[in-house]
Amino acid sequence: MQQSTQTRQGQVLRRGAEADIYLSDWYGKPAVSKVRTPRAYRHKLLDDQIRRYRTIHEAQIMSQAKLAGVRSPFVYFVDPVAAEIIMEFVPGRSVKDAITLQVCKMMGTYAGRLHAAGIIHGDLTTSNFIVYGRRLVLLDFGLAYYSERTEDMAVDIRLIKEVFSSAHVQIFKKAFDSFVSGYAAEMGKRKAEKVLENVAEIERRGRYARFQV
Amino acid sequence: MIRVNGKQKQNGTRDKDNKGAALLCLGIESTAHTFGCSVVEMYQDSERKGKVLSDIRGIYKPPEGSGIHPREASRHHAEVCSSVLAQSLKEAGRRMDDIDIIGYSAGPGLGPCLRVGAVVARTVSGFYEKPLVPVNHALGHIELGTMLTGASDPLVLLVSGGHTMILAFAQHRWRVFGETLDITIGQLLDQFGRAMGFASPCGGRIENLAGQSDGRYTQLPYVVKGNDVSFSGLLTAAIRAASSGEKLVDVCYSLQETSFAMLAETVERALSFTSKKEMMIVGGVAANKRLASMLDIACTRQDAKLYVCPIGFAGDNGAQIAWTALLDYAATKKQIDVEKSSVHQSWRLDVVDVGWR
């Protein structure tokens with residue numbers, strides 16, 4: 001608790017949609033503090049529940065992801081009441097601003113490793129991947145959960161596809177193909193195809209999706 | 001065919017002769033419950049400002065507790081179309097001869113309703129020899145919204161009976177950053193309201209009832225998947241809560257709080273991701289004050305300015321069609337032959353090429 005009040009006086013790195021990220025240190029190591037501050041637009045009951053649940057889940061699944069071979073920040077400290085996690089500071093650039101096809105393939109590899117381990121990330125966007133030297137780090141496990149359902153994996157993949165097709169539209173097709181090649185290599189061709197078929201099905205379920213130009 | 005093409009050239013010359021003069025469009029909206037005709041004027045200077053001269057609507061009202069019956073709605077539209085059209089010209093103080101182009105909603109929407117509007121548009125276009133311009137209804141909401149609010153490059157939340165989408169413009173098209181994975185926010189409110197025996201559309205009544213609650217929150221499923229939302233489970237749970245004895249005002253309150261918070265969160269995510277400094281809310285549900293106030297909080301946190309489509313033009317109307325047809329025609333001079341002027345019940349906004357942005 002003491003620590004958390006201290007860290008919050010640190011420099012704001014990012015005021016994200018879900019949490020504020022502060023630059024901090026953890027016994028001499030550079031660290032970030034991720035605080036899910038209350039959302040005034042949400043009813044307090046709902047808000048408290050969401051913030052606490054996501055904080056606990058994020059910390060747990062971040063560690064599980066490492067066991068699956070997905071590099072994610074190390075967790076140093078968790079305070080569910082204040083909805084705060086203190087974790088390793090990862091320098092580097094967001095993939096959103098440093099996208100390459102090679103990185104897309106690696107993102108697919110990570111998604112495949114998570115899914116093979118029964119983890120759904122829930123927020124696979126290019127802003128949640130950090131390129132750090134030659135390594136890739138995945139962040140933001142706040143919407144992550146455990147599931148072995150093909151449908152849940154497909155929702156995960158559909159989101160990154162949506163991001164490629166909106167935020168990275170110039171390289172959309174190549175980026176998604178690279179992603180899929182990395183994904184299929186981890187998941188196995190058959191399983192990956194099943195997930196992609198399910199992605200297509202979700203798209204067909206979408207509003208007004210039958211009309212193609 | 002030849003005659004239509006000949007006329008097009010003639011129109012082209014006239015435009016040149018009257019450089020700087022206003023271009024007039026008759027817009028015909030006919031996607032769902034509303035049959036609307038509107039005359040909109042666009043000034044042909046660099047700023048391309050517009051003015052709505054008239055906006056007349058005939059609205060099909062289904063019986064309480066039931067939704068739009070497509071055939072009944074189209075019958076209604078067929079009955080009111082000529083008087084709505086005549087009134088829109090009269091109110092604008094213009095005659096058919098003054099009109100330069102005809103815009104019509106070509107989709108997405110209910111087939112029988114779309115066809116009534118299309119028939120009216122083709123008839124008028126053919127008889128008076130005016131260029132015919134098909135318009136995507138959803139695009140109409142956005143374009144009229146930006147014209148009326150003055151937003152220039154906003155992140156858009158389109159919320160209506162047919163849409164729940166978060167969009168931003170990039171590379172000639174509106175790109176989807178988030179959307180519903182199943183039913184829309186309008187369907188959520190309407191289907192809940194209908195189950196309670198309300199008359200459609202039910203959003204206003206639900207907002208009213210929610211305002212009478214003393215803020216007792218009933219737990220309902222909150223489903224955010226990345227930038228996307230899902231409302232179907234929430235609908236089932238809300239109907240169940242209401243029929244298991246929870247006070248109706250509290251269920252309405254909780255339904256609004258939960259569903260709107262889901263939208264506010266995904267909007268905040270999209271604002272943070274795109275770094276847009278403007279946010280605009282359009283569509284029928286944009287009329288809800290609680291939704292706007294929640295989005296205002298989300299926008300303030302993300303340093304974005306919130307624009308809300310004026311309540312009178314939030315719902316379906318002919319002006320959204322007329323204005324979009326004007327933008328399209330002024331930029332591309334594209335028109336469609338009467339023979340090819342079909343309608344599309346399914347026509348996603350993100351496949352429409354936008355030539356004027």
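Only a predicted model underlies this, so the values are computations on that prediction, with no experimental measurement involved. Every chain is numbered from 1, with letters handed out A, B, ... down the list of sequences.
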Task: chain A contact via B:Asp350 - which portion, at a heavy-atom distance below 4.5 Å - done: neither
Task: Test item: B:Asp303 and A:Arg15 side chains (from C-beta on) under 4.5 Å apart, heavy atoms - done: no
Task: Stepwise side chain to side chain contact (heavy atoms under 4.5 Å, CB included) check, A:Val169 with B:His172 - done: CA-CA 11 Å; A:Val169 54; B:His172 320 298; over 6 Å; no
Open item on the list: As an exercise: rank B:Ile297, B:Ile183, B:Leu349 by heavy-atom pairs under 4.5 Å with chain A and give me the winner.
Closed with: B:Ile297
Task: Heavy atoms from other residues, nucleotides or ligands near CD of A:Gln102 exceed 12 (cutoff 6.0 Å) - done: no
Task: Segment of A:Glu203 engaging chain B (4.5 angstrom heavy-atom cut-off) - done: neither
Task: chain A contacts, top residue of B:Leu295, B:Asp228, B:Leu181 (heavy-atom pairs, under 4.5 Å) - done: B:Asp228
Open item on the list: Is A:Ser94 close to chain B through its backbone or its side chain, or both, or neither, when contacts mean heavy atoms under 4.5 Å?
Closed with: neither
Task: Region of B:Tyr253 in contact with chain A, defined by heavy-atom distances below 4.5 Å - done: side chain
- [ ] Going by the salt bridge (charged side-chain N to carboxylate O under 4.0 Å, His left out) test, name the single residue among A:Arg54, A:Arg39, A:Arg51 that passes it with B:Glu265.
- [x] A:Arg54
Open item on the list: Out of A:His43, A:Gln49, A:Arg42, return the one with the most heavy atom pairs under 4.5 angstrom to chain B.
Closed with: A:His43
Open item on the list: Heavy-atom count check: over 12 atoms from other residues, nucleotides or ligands less than 6.0 Å from A:Tyr53 OH?
Closed with: no
- [ ] Might you confirm whether atom OH of A:Tyr132 has over 12 heavy atoms from other residues, nucleotides or ligands at distances under 6.0 Å?
- [x] no
Open item on the list: Let's test your reading of the structure: which of B:Ala170, B:Ala298, B:Ala138 forms the most heavy-atom pairs below 4.5 Å with chain A?
Closed with: B:Ala298
TODO: Measure the shortest side-chain to side-chain distance between B:Phe177 and A:Val163 over non-hydrogen atoms and say whether it is less than 4.5 angstrom.
DONE: no
Open item on the list: Heavy-atom cut-off 4.5 Å, strictly under: side chain, backbone, both or neither for A:Ile120 against chain B?
Closed with: neither
Task: Side-chain heavy atoms of B:Arg175 within contact of A:Glu162, under 4.5 Å - done: no
Open item on the list: Taking side chain as everything from C-beta outward and backbone as N, CA, C, O, which of these in B:Gln187 sits under 4.5 Å from a heavy atom of chain A? Side chain, backbone, both or neither.
Closed with: side chain
TODO: For the residue pair A:Lys96 and B:Thr274, establish whether any side-chain heavy-atom pair is separated by less than 4.5 Å.
DONE: no
Open item on the list: Within the 3.5 Å criterion, strictly below it, is a donor on A:Thr125 or B:Arg269 matched to an acceptor on the partner's side chain?
Closed with: no
Open item on the list: With a 6.0 Å cut-off (strictly less than), is the heavy-atom count around NZ of A:Lys174, excluding the residue itself, greater than 12?
Closed with: no
Open item on the list: Looking at chain B, which one of A:Asp140, A:Leu46, A:Leu45 has the largest number of heavy-atom pairs inside 4.5 Å, strictly under?
Closed with: A:Leu46
TODO: Determine the option with the most heavy-atom pairs under 4.5 angstrom with chain A, choosing from B:Thr184, B:Thr164, B:Thr180, B:Leu271.
DONE: B:Thr184
Open item on the list: Please tell me whether B:Glu268 and A:Tyr41 have a donor and an acceptor in their side chains that are separated by less than 3.5 angstrom.
Closed with: yes
TODO: Among the options B:Gly178, B:Gly162, B:Ser293, B:Ala261, pick out the one with the most heavy-atom pairs lying under 4.5 Å from chain A.
DONE: B:Gly162
Task: B:Lys225 and A:Asp156 ion-paired at < 4.0 Å - done: no
Task: Minimum-distance pair of heavy atoms, taken over all atoms of B:Val176 and A:Ser166 - done: O-CB, 3.5 Å
Task: B:Lys247 atom NZ, neighbour heavy-atom count above 12 within 6.0 Å - done: no
TODO: Examine whether an atom of B:Val224 lies under 4.5 Å from a heavy atom of chain A, and if so say whether it belongs to the side chain, the backbone or both; otherwise answer neither.
DONE: both
Open item on the list: Counting only heavy atoms from other residues, nucleotides and ligands, does the tally under 6.0 Å from CZ of B:Arg240 exceed 12?
Closed with: no
Open item on the list: If I compare all heavy atoms of A:Gly16 with all of B:Ser272, which pair ends up nearest, and what's the gap?
Closed with: CA-OG, 4.1 Å
TODO: Please say whether more than 12 non-hydrogen atoms of neighbouring residues, nucleotides or ligands are located less than 6.0 Å from NZ in A:Lys191.
DONE: yes
